[in-house]
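Single-structure report; data block below.
Naming convention: chains lettered A, B, ... in sequence-line order (proteins, then strands); numbering from 1 in each chain. Just so it is clear, the structure is predicted and the values come from calculations on it, not from any experiment.
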Amino acid sequence: MPKISLKNVTKRFDKVVALNNLSIDIEDGEFFVILGPSGAGKTTFLKVIAGLENPESGEIYFNGNLVNNIVTPKRDVALTFEEYSLYPHFTVFNNIASPLKSPSSKVKYNSKQLKEKVDSVAKMLNINQLLDRLPSELSGGQKQRVAIGRALIKEPQVLLFDEPLAHLDAKIRNQLRTEFHFLKEKFRTTTIYTSHDYKEAISLGDRIMFLDKGEIQQIGTPEEIYNFPKNIIVARNVGWPDINLFDCSINSENNQLYCPEGDFAFDISGSILQLLKNYGESEYIIGARPHYISFSEKPSDVYNLKATCGITETLDNQLIVNLKIKDMNLTLSVDNPDLSLRKNQQLWLHFNDQSLMFFNKKTNENVKIRQ
Amino acid sequence: MDKRKNLGKNIFGKLITYITLIITFSFLLFPIYWIFTMVFKPTNDIIAYPPTFSFQPTLKGILYVLGLEEATAIGTTAGFRSYFLIGVRNSLIVVVSSILISLIVGLPAAYILARYKFKGKEDIAFTILSFRFAPPLLVIIPLYLLFSRIGLYNTHIALIWVYQLISIPMILWIVRGYIEDIPIEIDQAGMVDGYSRIYIFLRLILPLAKGGIAAGTLLAFIYSWNNFIFGMVLASTSVQPVTVQAMRYLTTDTLMYREIAAICIGAALPLLILAVFLQRYLISGLSMGAIRR
């Protein structure tokens, strides 16, 4: 039985639809990441599960039991908020201890047990030396640790994290992301985690749900989301540098694809051609991950597409090359940061047609996925 | 060289600032100064024309007002009674009780108006605010008749009741503004932690809104204390607040300017002290929470 089920859940704020007829099952012990741009409805999704927002229609089940009418304090969930939302007038200790002191706490603790519990959680999160401070005396990363501590100490059925790393410095973000892996292994609690950063999602998620404008675009494993995005919205938001997208049309006489923007054509294998012909459209949008375009500094049979090198930059151990075929811009990346390319240098490209994605020009959906 | 130029500019700018401030303050403070001197003036000097700045100070006015010396001129109501002290006592009873009631009623109302969504919410809030700008004369005659009929005329309870018109809107609107500035996620975090709305209101929201509560209470105190018309119409000497007691010295025979001045200064003194020490709350209250600290 799934731990959490949403059935046809719709939530509106006045005229804005935050969640549009959402149905999803989340399994017990799963680390489920909701990925999407801001305004996608990620926070609303968590608040609906926590009972802080009531959906206009649809049902929410915990372990098969309908919880629509169960108020937040009785739902046995913990939620960390994007802006931490610690109690400003409570010390760190009292912030973390808060769920255990509440009338809804599953176990009643005396003050000694309470101290032990808080100490062990604080030690695990490396904030045990901060217990007497007020939230205003903490850094962003420390505040987030306190918020996580306040959630973990409750040992709830479901943990909800709303963009826990979004407002932290890069260094702290990487540190804390690693710690989430540790927490995931240690607790194995069903967790729903939102993020707008695909790297975080791919790194942490057992499954990822891509949400945009309140609608599910795709649910899948990190590999599926990255390699088989269901449509252009997912393809564009997952992966960095951004995926290259350009129009093409089939020229069936010579088994080539023609790209009007760059005025070039290239060969494709028969199986792909067959796939596109079966699909039935004559024009598609090609999606090419920067990583899957290869190049050579000399022309050959394979490297036969002439391009001009533009600005290059080295980032995260990758060389990112911006180049032009006629007026068409392309980005590609290679794992060789030491390579030196001159501006305006001629490069010869090769598209690996097996790794290309093809999208329906009208519906934006991935042609390969529909098969 | 540049520095000196800047310095000159600064001195010139400062000079203008100070001159403007001095003019403004003398304009605002002169009446208070004049009334203050009146307290110590012999009657002849008070009504002297042209007005005189030099006089032989006397403490008679203060002694009369405090009831330490018999104010013969009052005639029949004369005696060793201190109308000032009776007034202060009445003002304290009425103002403090009415503010306590307004806090008990107004704080939960402010929380609900800030946090809950329900139909007609803004209408309710606005109706309460409208008590503040409706002229009191509009309601005072019906209230007088009503209170006479039910036996509340000339009681502290009647005044406490009517003073709610002053203090509830003050407290409610200022505190509501403060609560709206507290992120709703604080309430939600409390709910996730397992607490009831009442606990959240008492333990999380009230402590965080205490600046607003102080500002609202202070302003409600000032406006209630200064009120004149309700006490004058709905009560007599034994119950009337200090503002109205000044009228005791308006008799058919004489106008006892010195004693009136003494009561005015005595009534304003507590507010002046409050205003000086609690300025920052006063400013944030007057701006309905728009300016903090």
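Contacts from residues 211-224 of chain B to chain A, taken as heavy-atom pairs separated by less than 4.5 Å, involve no residues at all. Heavy-atom proximity under 4.5 angstrom to chain A picks out nothing from residues 103-125 of chain B. Close approach to chain A, defined as a heavy atom under 4.5 Å from one of its heavy atoms, is seen in B:R203, B:L204, B:P207, B:L208 of residues 201-209 of chain B, taken by number. Chain B is approached within less than 4.5 Å, heavy atom to heavy atom, by A:T72, A:P73 from residues 54-74 of chain A, ordered by number.
Put simply, the side chain of A:N20 never gets that close to the backbone of A:G214: no donor and acceptor are under 3.5 Å apart. Looking only at distances, no side-chain donor or acceptor of A:K3 sits under 3.5 Å from a matching main-chain atom of A:V158. The backbone N or O of A:S102 lies less than 3.5 Å from no partner atom in the side chain of A:S105, so there is not a single donor-acceptor pair. Put simply, the side chain of B:S98 never gets that close to the backbone of B:Q164: no donor and acceptor are under 3.5 Å apart. A donor-acceptor pair under 3.5 Å is formed between the side chain of B:S130 and the backbone N or O of B:T127. For the pair A:T91 (side chain) and A:R133 (backbone), a donor-acceptor distance under 3.5 Å is absent.
Side-chain contact between A:T44 and A:F13 is present, with at least one heavy-atom pair separated by less than 4.5 Å. Using a 4.5 Å cut-off on side-chain heavy atoms (C-beta onward), A:P103 and B:Y199 make no contact. In this structure the side chain of B:R197 reaches within 4.5 angstrom of the side chain of B:D187, judged on heavy atoms. Side-chain contact between A:K106 and A:K154 is absent, with no heavy atoms from C-beta onward closer than 4.5 Å.
Residues B:P270 and B:W225 approach most closely at CG-CZ2, 3.9 Å, considering heavy atoms. Across B:Q240 and B:N90, no two heavy atoms sit closer than the pair O-ND2, 2.9 Å. A:L138 approaches A:V146 most closely through the heavy-atom pair CD1-CG2, 3.7 Å.
There is a side-chain donor-acceptor pair under 3.5 Å between A:T190 and A:D28.
Using cut-offs of 30° and 60° on the angle between ring planes, the pair A:Y87 and A:F90 is perpendicular. Ring-plane geometry between A:Y193 and A:F31 is classed as tilted, the angle between the planes lying from 30 to 60 degrees on a 0 to 90 degree scale. Ring planes of B:Y163 and B:F230: tilted class, angle from 30 to 60°.
With a 4.5 Å cut-off on non-hydrogen atoms, A:L86 touches chain B through its backbone but not through its side chain.
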